Amino acid sequence: MRHMIDPLDFSVQEVENLLNLADRIAADPARYQEVCRHKKLATLFYEPSTRTRLSFEAAMLNLGGSVLGFASADSSSAAKGESIADTIRVISCYADICAIRHPKEGAPLRAAMYSRIPVINAGDGGHQHPTQTLTDLLTIRRRLGRLDGFTIGLCGDLKFGRTVHSLIKSLSRYSGIRFILISPEELRVPDYVLREVLDPQGIPYEEVTSLEEVMPRLDILYMTRVQKERFFNEEDYVRLKDTYILTEDKMKLAKETMAVLHPLPRVNEIALAVDGDPRAAYFEQVQNGVYVRMALIMTLLGLSDGGKERTE
Ligand code: CP
């Protein structure tokens with residue numbers, strides 16, 4: 001049985017197979033509408049979500065399966081003190097696969113240790129968000145036609161941004177990637193990402209504070225929200241929340257081919273006027289998130305590609 005807890009749980013080849021399957025699903029969704037008939041997905045969300053929970057549910061429904069679950073800890077027996085280990089043992093009796101979002105780092109990993117069904121990490125605290133990364137990779141590959149040989153700027157809350165941590169880990173396996181890490185001093189990428197991921201592999205990176213200065217060099221700009229819910233005090237959040245706002249004027253500094261990604265939700269960090277720029281790819285990410293989660297559900301359940309799998 002496979003789980004998806006960390007972005008490195010799948011090899012580069014397995015990720016490629018997954019993205020290829022997502023592309024085939026996008027090209028012909030009708031072919032996949034019965035693949036998960038009689039299968040059930042449980043979504044256990046102990047933290048708020050719009051995209052991740054609903055895209056998992058849409059993915060399972062698109063595959064002909066069913067969904068059950070809860071959208072907040074308050075509406076589950078976690079509110080009565082039930083442990084994640086007990087909860088997953090119970091859910092294993094009800095569903096064939098589950099996606100868990102939890103404020104505690106490592107909670108989905110702990111669930112996987114007690115589970116009889118595949119567990120997907122749908123975001124654990126400020127740690128990892130591997131299925132957002134699959135969404136990002138699919139969007140990058142569809143835009144640029146490749147996953148290697150580019151300069152990516154990651155901008156905003158790089159400390160608490162779990163999508164950033166997972167994307168760095170994942171892209172580090174491809175050649176010719178250069179990271180430009182754009183953040184205020186207080187929201188720098190955690191040391192463990194630099195020391196355990198980038199430094200040992202000799203992957204080039206720069207830490208800077210100015211977005212404008214690096215814009216002309218970027219092939220991809222990955223904007224992120226300052227994560228209010230992870231701050232210990234309101235004062236710090238208010239001081240830092242508007243450090244970076246991507247505007248039409250700043251977009252004039254960028255390459256014609258640059259892609260702007262954002263995992264969403266957006267608060268204030270991308271001006272609405274940028275949405276009409278052909279380089280804005282963040283709503284494409286949302287659509288790609290459904291295709292890639294359909295591919296992931298099929299893969300973790302060991303379901304074939306409608307009996308028509310091509311050799312890759
Ligand atoms: N990108 C993302 O994780 O969005 P949600 O918090 O809405 O799921």
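This is a predicted model, so every value here is computed, not measured. FYI, the numbering just counts along the sequence from 1. As a basis for the values below, the full set of heavy atoms in this structure was taken, side chains included, without hydrogen atoms, waters or symmetry mates. Every number for a ligand or one of its atoms is a count from 1 in the order of the listing.
Side-chain contact between Ser172 and Leu198 is present, with at least one heavy-atom pair separated by less than 4.5 Å.
Under 3.5 Å, the side chains of Asp124 and Gln128 contain no donor-acceptor pair of N or O atoms. Under the 3.5 Å distance criterion, with hydrogens and angles disregarded, no donor-acceptor pair is assigned to the side chains of Glu284 and Thr139. A donor and an acceptor atom, one from each side chain of Ser55 and Arg293, are located under 3.5 Å apart.
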List, pair by pair, the atoms of ligand 1 and of the protein that are both N or O and lie under 3.5 Å apart, giving the separation rounded to 0.1 Å.
| from | atom 1 | to | atom 2 | distance (Å) |
| --- | --- | --- | --- | --- |
| ligand 1 | 1 (N) | Gln132 | OE1 | 3.0 |
| ligand 1 | 1 (N) | Pro263 | O | 2.9 |
| ligand 1 | 1 (N) | Leu264 | O | 3.0 |
| ligand 1 | 3 (O) | Thr52 | OG1 | 2.9 |
| ligand 1 | 3 (O) | Arg101 | NH2 | 3.0 |
| ligand 1 | 3 (O) | His129 | NE2 | 2.9 |
| ligand 1 | 4 (O) | Arg51 | NE | 3.1 |
| ligand 1 | 4 (O) | Leu264 | O | 3.4 |
| ligand 1 | 6 (O) | Arg101 | NH1 | 2.9 |
| ligand 1 | 7 (O) | Thr50 | N | 2.8 |
| ligand 1 | 7 (O) | Arg51 | N | 3.0 |
| ligand 1 | 7 (O) | Arg51 | NE | 3.3 |
| ligand 1 | 7 (O) | Arg51 | NH2 | 2.9 |
| ligand 1 | 8 (O) | Ser49 | OG | 2.6 |
| ligand 1 | 8 (O) | Thr52 | N | 2.9 |
| ligand 1 | 8 (O) | Thr52 | OG1 | 2.7 |
| ligand 1 | 8 (O) | Arg101 | NH1 | 3.4 |
| ligand 1 | 8 (O) | Arg101 | NH2 | 3.3 |

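Salt-bridge annotation for Glu269 and Arg266: absent, with no side-chain N of the basic residue lying under 4.0 Å from a carboxylate O of the acidic one. Of the charged side-chain nitrogens involved, at least one lies within less than 4.0 Å of a carboxylate oxygen, so that Arg53 and Glu57 count as a salt-bridged pair.
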